[in-house]
2 protein chains.
Amino acid sequence: MLYAGFMSAALPPSFPMPPDAVGPSELLQLGTGAEEDEPCLRADAARNRARLLEAAGRLVAEHGAAALTMEAVAAEARVGKGTVFRRFGDRTGLLAALLDHSERKFQAALLSGPPPLGPGAPPVERLRAFGCALLRRSIDELDLQLAAEPSAERRHTAAPRRFLLGHLALLLREAVPDGDSGLLSHTLLAYLDAALIHHLTAQCGLPPERLRTGWLDLVARVTRTDPAV
Amino acid sequence: MLYAGFMSAALPPSFPMPPDAVGPSELLQLGTGAEEDEPCLRADAARNRARLLEAAGRLVAEHGAAALTMEAVAAEARVGKGTVFRRFGDRTGLLAALLDHSERKFQAALLSGPPPLGPGAPPVERLRAFGCALLRRSIDELDLQLAAEPSAERRHTAAPRRFLLGHLALLLREAVPDGDSGLLSHTLLAYLDAALIHHLTAQCGLPPERLRTGWLDLVARVTRTDPAV
DNA sequence: TTACGATCCGGACCGAGGTCCGTTTAATTT
DNA sequence: AAATTAAACGGACCTCGGTCCGGATCGTAA
């Protein structure tokens with residue numbers, strides 16, 4: 001059980017949680033091994049789910065994630081609009097599902113990949129690697145990450161974020177035992193927020209390299225260690 | 001000119017910027033003394049603006065900021081819907097205008113209030129006071145702050161946020177001359193984000209006192225100083 | 001006071017997210 | 001194979017944010 005501190009209280013008793021939304025990511029997040037998608041999904045439902053994701057991917061590739069409308073996805077997939085919502089809950093759920101693949105790859109790299117991202121390296125080094133990797137990933141998928149951002153109330157309860165927070169808190173508890181790892185993990189993750197990255201790079205024109213340096217510096221300060229070479 | 005580092009590049013050439021939205025806050029942010037509201041506004045326009053703000057305030061007080069609809073505000077103020085949008089640009093503009101009063105009070109306290117919030121105290125002490133004050137204010141107006149949060153693209157370009165960022169960067173440049181004050185200010189301000197506060201207090205049940213302690217600890221780490229007593 | 005132009009008003013209109021519910025279809029049981 | 005049931009389907013429908021433009025109103029100048 002990772003990060004039992006107070007995040008467990010963050011899981012409200014049976015959160016509505018749209019049908020499957022991101023799917024299995026939250027299983028991974030709970031520590032169980034990866035399952036395939038939806039436990040049991042009727043044949044037609046599974047087929048439509050795939051068609052919807054494929055259609056959405058095409059539309060995003062063509063017009064960008066910001067311009068994606070639910071009706072357009074339904075039409076492109078030759079499916080009723082209701083089906084889209086039943087499957088993915090809402091727009092952000094669909095976008096999140098689109099991000100699910102890279103999400104899971106990243107989670108796997110953290111849990112069982114090679115160091116320093118995966119286990120085996122000292123925690124501060126893993127923290128550094130974590131930020132750099134997440135930075136790269138977010139920059140790659142910026143439009144999707146931005147469009148997929150949930151409303152303010154749900155933002156912090158989304159499964160992928162909870163996983164990253166838990167991972168950070170785990171590393172922080174090791175790296176800085178005298179700190180409030182729960183709160184510090186929020187601070188660190190906030191630096192890697194997609195909207196912030198977008199603002200600093202696209203709107204302010206900062207080169208990604210500077211963000212990377214800033215992350216290393218932040219980790220050094222928070223853990224009260226020497227700046228990385 | 002405060003925080004000329006790279007934020008100036010964050011102001012795109014003539015950002016659309018709804019009619020008046022927050023109003024004079026951005027003047028303050030540019031360092032000029034406070035003006036009253038809109039430079040010149042036709043009598044009927046000014047009257048309707050006041051009626052709209054009053055109506056919106058009533059509705060928010062009664063049903064909460066999340067339930068506020070633009071049509072309801074228009075109806076309550078006995079005004080056409082178009083008038084609301086012309087005056088405030090969009091929903092978040094109206095909510096921001098509702099927050100403008102406390103915004104300006106806070107800005108004034110920072111610029112010319114008594115220490116340690118205002119000038120006269122050492123920068124680290126002012127940083128501590130800044131967070132504690134902002135924390136208190138945000139907790140007081142949580143529903144409004146949450147409902148007023150702009151979309152991901154605009155979030156970081158909103159005038160009030162730019163002001164707070166600039167102020168933080170100013171203090172940081174003094175308190176930690178060897179750091180990237182621009183980036184660090186984003187990190188610090190992220191800790192005070194309304195959505196995060198809401199998540200930690202309302203959803204995770206953390207007492208505000210713990211957030212306060214967390215802020216003092218964060219300031220200490222970022223500035224590499226000793227934790228405050 | 002009247003005339004005129006700029007500004008503002010209002011509400012019809014549109015698009016998109018999200019809901020509802022009668023109908024269809026896949027899995028299971030007999 | 002037929003019956004049964006739970007789940008999925010689809011698209012009409014609703015709400016609400018946001019736009020548009022013909023008409024009303026204000027400020028000003030003669």
Q) Are B:D90 and B:R154 close enough for a salt bridge, meaning some N to O gap below 4.0 Å? A) yes
Q) Do the charged groups of B:E209 and B:R212 touch, with an N to O distance under 4.0 Å? A) yes
Q: Return the minimal non-hydrogen interatomic distance between B:L52 and B:A77, and the atom names on each side.
A: CD2-CB, 3.6 Å
Q) Looking at D:dC26, C:dG17, D:dC9, which one has an atom nearest to any side-chain atom of A:M70? A) C:dG17
Q.
Whether B:R137 and B:E103 form a salt bridge (side-chain N of Lys/Arg under 4.0 Å from carboxylate O of Asp/Glu) is what I want to check.
A. yes
Q. With respect to the phosphate group of D:dA8, does any side-chain polar atom (N or O) of A:R47 fall under 4.0 Å of OP1 or OP2?
A. no
Q.
Whole angstroms only, please: what is the CG-C1' distance between A:N48 and C:dA26?
A. 12 Å
Q: Starting from C1' on D:dT15, measure out to CD on A:E71 and report it in whole angstrom.
A: 14 Å
Q | Upstream residue (5' side of DNA chain C) when B:A46 and A:R91 are each assigned their closest nucleotide | A | B:A46
Q.
For A:D140, is there an ion pair with A:R136 - N to carboxylate O distance below 4.0 angstrom?
A. no
Q: Side chain of A:L41 only, please: which of D:dC9, D:dA8, C:dG10 is the nearest?
A: D:dA8
Q: Please check if any side-chain donor atom of B:S102 sits under 3.5 Å from a side-chain acceptor atom of B:E141, or the reverse.
A: yes
Q: Mind calculating the distance between CG (A:L94) and C1' (C:dG18) to the nearest angstrom?
A: 14 Å
(Q) If the cut-off is 4.0 Å, is A:T83 near the phosphate of D:dA8, judged by side-chain N/O to OP1 or OP2? (A) no
Can you check nucleotides 19-22 of chain C for protein contacts, nitrogen or oxygen pairs under 3.5 Å, and list what you find?
none

(Q) For A:F130 and A:H167, I'd like to know if the aromatic rings sit close, meaning centre-to-centre distance below 6.0 Å. (A) yes
Q) How close or far is atom P of C:dA16 from atom CG of A:D90, stated in whole angstroms? A) 17 Å
Q | Closest to the A:T69 side chain, choosing from C:dA16, D:dC9, C:dC9 | A | C:dA16
(Q) Between P on D:dG17 and CG on B:L95, what's the gap in Å once rounded to a whole number? (A) 10 Å
**Q.** Residue met sooner reading DNA chain D from 5', once B:T92 and B:A43 are mapped to nucleotides
**A.** B:T92
Q. Picking from D:dT25, D:dC9, C:dG10, which would you name as closest to the side chain of B:D44?
A. D:dT25
(Q) Output the rounded distance in Å from CZ (A:F88) to C1' (D:dC9). (A) 15 Å
Q: Check every strand shown and say whether B:R42 touches a base, only sugar-phosphate, or nothing at a heavy-atom separation below 4.0 Å.
A: base
